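As the structure is a computational prediction, the values presented were derived from the model and not from experiment.
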Number of protein chains: 2
Amino acid sequence: MKRNSRLSLALHTLGHMAGDPDRIRTSADIAEHAGTNPVVVRRVLGKLREAGLLISEKGHAGGWRLARGPEQITLADVYLALDERLVAGGAEEEDAPSCSIEHALQRKVASVLEEVERGLIERLAVTTIAEVREANDMAHSPERVAPLISKPSRPL
Amino acid sequence: MKRNSRLSLALHTLGHMAGDPDRIRTSADIAEHAGTNPVVVRRVLGKLREAGLLISEKGHAGGWRLARGPEQITLADVYLALDERLVAGGAEEEDAPSCSIEHALQRKVASVLEEVERGLIERLAVTTIAEVREANDMAHSPERVAPLISKPSRPL
DNA sequence: GATTGATGCAACATGAAATGTTACACATGC
DNA sequence: GCATGTGTAACATTTCATGTTGCATCAATC
């Protein structure tokens with residue numbers, strides 16, 4: 001895997017789950033499909049569980065599944081669950097710099113970045129996992145609609 | 001220094017230069033004030049020179065100075081000069097993923113991020129170095145205005 | 001209730017990218 | 001020609017995300 005790919009992994013997994021919400025998937029299966037490691041999967045999906053997007057079940061037939069319908073999970077939910085902050089990092093907080101010029105500039109940039117991040121979240125909030133999935137299905141499937149009971153051809 | 005601080009260093013330096021545009025500063029002076037290394041300063045300011053914001057002069061009395069008035073340098077100019085892309089990284093390009101679901105999600109996120117970055121640049125473009133500097137001076141200086149010939153108390 | 005197969009978590013290993021450092025070629029004013 | 005700059009390459013260091021291993025724990029099934 002490459003850098004900063006937690007959001008990618010999270011969305012990817014949720015996208016598949018949206019196509020067959022009742023199925024329970026194991027970290028190992030997910031990791032294999034995503035080309036990464038089961039522990040990494042648990043770390044990322046663990047965040048989504050904390051945020052109430054996923055449910056994990058321990059024990060024998062355990063694994064992961066959606067905590068609610070895919071039409072009730074927006075991209076913003078996922079973004080916020082992982083506390084990635086794609087838009088942060090301009091000059092970052094830390095103990096305020098002693099130099100007042102630097103301080104003023106950092107405050108300015110920080111306020112712009114806050115605004116922009118709000119904009120990002122707003123835009124992510126209008127799209128659900130289900131919508132992206134449907135758009136994808138319409139573009140690829142001859143039947144024009146996602147089968148609820150998925151075909152044998154391993155949907156994950 | 002910490003991570004991703006090139007923008008911070010660049011703005012900090014330009015902010016000081018804006019207060020005394022004619023003065024020529026050496027990498028060593030700038031580095032000392034910013035708490036970093038002269039070579040790092042040259043690397044970062046070199047980007048600003050490529051973008052036409054700064055001029056560097058070699059040789060004996062060489063050093064760095066603004067290429068134009070501080071009221072003609074916006075925060076966006078600086079942001080674009082260093083090709084930082086604070087808003088990038090959601091799922092990044094690379095060879096398109098084989099999985100169509102992942103592909104669809106990445107395209108969606110990428111398009112949102114592009115929009116958001118345009119927004120960021122627009123917001124940065126409305127503020128000049130001079131403006132931030134003035135706001136800072138008004139808040140701190142008793143004389144309410146930045147002295148053009150700066151006081152002995154080393155302004156950089 | 002022992003086994004099996006899953007999560008949860010901590011500790012450590014690896015890799016990559018940003019920053020820091022050293023060294024030296026080159027330019028320029030004195 | 002010497003002092004004092006930049007320009008740049010090569011290397012060292014630091015930092016952080018990701019990858020890995022190991023083990024405790026839990027739950028279904030035999």
- request: Kindly give the heavy-atom pair with the smallest separation between B:Pro21 and B:Gly19, and that separation in Å.
  value: CD-C, 3.9 Å
task: Would you indicate, yes or no, if D:dT18 has its OP1 or OP2 atom less than 4.0 angstrom from a side-chain nitrogen or oxygen of A:Ser5?
output: yes
query: Can you tell me how far C1' of D:dA17 sits from CG of A:Leu82, to the nearest Å?
result: 13 Å
message: Would you say A:Ser56 places a side-chain N or O within less than 4.0 Å of OP1 or OP2 belonging to C:dG8?
response: yes
field: Side-chain touch A:Thr74/A:Thr127, heavy atoms, less than 4.5 angstrom
entry: no
- prompt: To the nearest angstrom, how far is A:Ile30 atom CD1 from C:dG5 atom C1'?
  reply: 15 Å
- request: From the options D:dG22, C:dG29, D:dT6, select the nucleotide whose nearest atom is closest to the side chain of A:Val39.
  value: D:dG22
query: How long is the line joining CZ of A:Arg49 and P of C:dA6, in whole Å?
result: 17 Å
message: Under 3.5 Å, is there a donor on one side chain and an acceptor on the other for B:Gln72 and B:Thr128?
response: no
query: Rounded to the Å, how far apart are A:Ile24 CD1 and D:dA28 C1'?
result: 12 Å
statement: When rounded to whole Å, the CH2 to P distance for the pair B:Trp64 and C:dA27 reads 16 Å
- prompt: Would you say the base of C:dG8 and the side-chain of A:Arg43 have a donor-acceptor pair closer than 3.5 Å?
  reply: no
message: Could you check whether atom CZ of B:Arg107 has more than 12 heavy atoms from other residues, nucleotides or ligands sitting under 6.0 Å from it?
response: no
- prompt: Are the charged groups of A:Asp77 and A:Arg68 less than 4.0 angstrom apart, N to O?
  reply: yes
- request: Would you tell me if any nitrogen or oxygen in the side chain of B:Arg42 comes within less than 4.0 Å of OP1 or OP2 on D:dG7?
  value: no
query: If you find the nucleotide of DNA chain D closest to A:Lys58 and the one closest to B:Gly62, which residue's nucleotide is nearer the 5' end?
result: B:Gly62
task: Provide, to the nearest angstrom, the distance between the CG atom belonging to B:Leu48 and the P atom belonging to D:dT6.
output: 14 Å
query: Is A:Thr36 near enough to D:dG19 that one of its side-chain N or O atoms lies under 4.0 angstrom from OP1 or OP2?
result: yes
query: Is any side-chain nitrogen or oxygen of B:Thr26 closer than 4.0 Å to OP1 or OP2 of D:dG5?
result: no
- line: When rounded to whole Å, the CD to P distance for the pair A:Glu84 and D:dC16 reads 15 Å
Atom-to-atom span, CG of A:Asn37 to C1' of D:dG22 - whole angstrom: 13 Å
